[in-house]
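Input: a single structure, listed below in structure tokens.
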Amino acid sequence: MTLQIPFENTYVSLPNRLFSHQKPTPVRAPKLLAFNEPLADELGICGTQDPDELAQVFSGSSLPDGAQPIAQLYAGHQFGNWNPQLGDGRAVLIGESNGYDVQLKGSGPTPYARRGDGRAWLGPVLREYIVSEAMHALGIPTTRALAAVETGEEIMRDRPLPGAVLTRVASSHIRVGTFQILAARQDVEGLQALLDYSIARHYPSASTPAAFLREVVAKQAELIAQWMSVGFIHGVMNTDNCAISGETIDYGPCAFMDAFHPGQVFSSIDRHGRYAYGNQPQIIAWNMAQLATSLLPLEDNSDAAVEEFTDIINDMPGMLRGMWQDRFAAKLGISETKDNDEGLITHLLSIMTDQKADFTNSFRYLTDGSVTETGLEAHKDYSAWHAQWTDRKREQPTDPVEVMAKSNPYLIPRNHQIEAMITQAVAGDLNLFHRLNAALSSPFEASPEAADLTVPPTTEEKVTQTFCGT
Ligand code: AMP
Ligand code: MG
């Protein structure tokens, strides 16, 4: 039986200036590398297990019934600079299934490709597959990975590399930049249609632009607090990479920190550290201010709206700080926070910074000692901090170890393991890919078989820079 995807496509009903009809470009010799069956079930996909047929469909070489492929238009601020027109340059949304977007990334050029080839190479495709699925398993809102297919074509980067297509699943691909492009073009009608659509799809209880803004802000604040709590650095928090659904989107040069440092940057293109680990809360507020600005034309740019939107944005840092404190307090076994918990948390983080302690392993060490050798004890302040922490835990209603075990993963996708996985995959060996994918699906379970995956990189293995997935 052929593959069936129960498409119900809604984005195509929006004004057609928001997208271009665009078919994916067929590839020479598609080969299925990975297929996420549980996710396919969630989407209602059924009808085939044949890897060749899956490879045909998820490389874009053949379109399933009901698909209405489009490339979406958007704009965005990239590293703070306004880019008046971006859009899916190498991706097409083939349709929506059970309310989720099914998008092929690396499926050939679109009208928004500019000088790009519309393709992706194997490395970033497998990286996004692993990292987005790991994020999901960590309980953090994110786009998902449905399939990875090798194209059988070489593409040119700094050298010829194997091409691949990732099938990405998202609650939607509406970005801050999707609102921005309409606002910039003074297309109030389009803006209203996009707002109505976004509200219906994501925030049905919001009835005004302000209420919508408030909900997006709350979702994004929670998302950033979650990123911070697992040491995640997005790397390119441009407004076009900021989804109004509150899901993590666009895994380019992202990375999880090994040794803790608030100023940590990995992305090779982030020369001034704009998107450093510790800057993420400020940047998200900046991005939300851009969303607010884009919504103002819907209220005739009135003074009252400016004031209301400004208040929402001004309240965001405080809201995020509270969420951040709750997340980090839970990492220390504190389920009912008090104001001075922030001091306890920041003191530990400063000890970790001094010791260049591994972020994930330090918290796991404090949880149950399932990972050791963090270097924390060697710090002059550690025993005083530990005594204070022990006192604070005594006041807790819930067993601190239980709270900590749910907040402190044993496994995260570490850069050096991902790099090793990519090197092996390019040589045709997918064992490490499958092993990482399986292990990272239960990140909170300590298991002897995965012990090697908790080991931080050696000096030689350390990844100091990550590159955009182009
Ligand atoms: P990103 O850095 O992945 O968020 O991409 C920024 C913009 O560049 C988006 O509009 C992408 O669609 C576009 N882009 C990235 N890589 C390519 C490519 N290989 N071909 C065409 N467009 C691309
Ligand atoms: Mg992007």
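In this text, all values refer to a predicted model and were calculated from it rather than measured experimentally. Atoms within each ligand, like the ligands themselves, are counted from 1 in listed order. Only heavy atoms go into these numbers, but all of them, side chains included; no hydrogens, no water, no symmetry mates.
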Nearest candidate to [atom], where distance is taken over non-hydrogen atoms, out of [options]:
atom                    : options         : answer
atom 6 (C) of ligand 1  : K105, Q72, Q78  : Q78
atom 15 (C) of ligand 1 : Q85, R175, R90  : R90
atom 20 (N) of ligand 1 : G118, G252, G89 : G118

Pairs of nitrogen or oxygen atoms closer than 3.5 Å, one from [X] and one from ligand 1: do any exist?
X    : value
D117 : yes
Y112 : no
L86  : no

Which atoms of ligand 1 are found less than 4.0 Å from any heavy atom of [X]?
X    : answer
Y74  : 9 (C), 10 (O)
G87  : 9 (C), 10 (O), 11 (C), 12 (O)
R119 : 19 (N)
N241 : 4 (O)
R157 : 19 (N)
D250 : 4 (O)

Is the CG atom of D65 crowded by more than 12 outside heavy atoms at less than 6.0 Å?
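Open.
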Parallel, tilted or perpendicular: which describes the rings of F179 and F212, with under 30° parallel and over 60° perpendicular?
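Rings of F179 and F212: tilted, as their planes differ by 30° to 60°.
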Show me the pairs that pass ring-ring contact (aromatic ring centres under 6.0 Å, His included) and involve residues 27-66, at least two apart or across chains.
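The answer is F35-F58.
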By the ring-ring contact (aromatic ring centres under 6.0 Å, His included) test, which pairs, at least two apart or in different chains, include something from residues 129-174?
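Output for this query lists Y129-F433.
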How large, to 10°, is the angle at the Mg ion (ligand 2) when you draw lines to OD1 on N241 and to OD2 on D250?
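Once rounded, the angle between the two atoms at the Mg ion (ligand 2) is 70°.
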Between [Y] and [X], does any NZ, NE, NH1 or NH2 come within less than 4.0 Å of an OD or OE carboxylate oxygen?
X    : Y    : answer
K356 : D258 : no
E150 : R28  : no
K331 : D326 : no

Centres of the Y74 and Y112 rings: under 6.0 Å?
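Here the rings of Y112 and Y74 have centres that are no less than 6.0 Å from each other.
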Y197 ring center within less than 6.0 Å of Y11 ring center
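Yes - the distance between ring centres of Y11 and Y197 falls below the 6.0 Å cut-off.
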Side chain, backbone, both or neither: R115 near ligand 1, heavy atoms under 4.0 Å
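Near ligand 1, R115 shows nothing, with every heavy atom at 4.0 Å or more.
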Checking R274 against F79: charged group under 6.0 Å from the ring centre and within 45 degrees of the axis?
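Because its charged atom misses either the 6.0 Å distance or the 45° angle limit, R274 does not stack over F79.
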Are V236 and ligand 1 in contact, using a heavy-atom cut-off of under 4.0 Å?
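Per 4.0 Å heavy-atom rule, V236 does not contact ligand 1.
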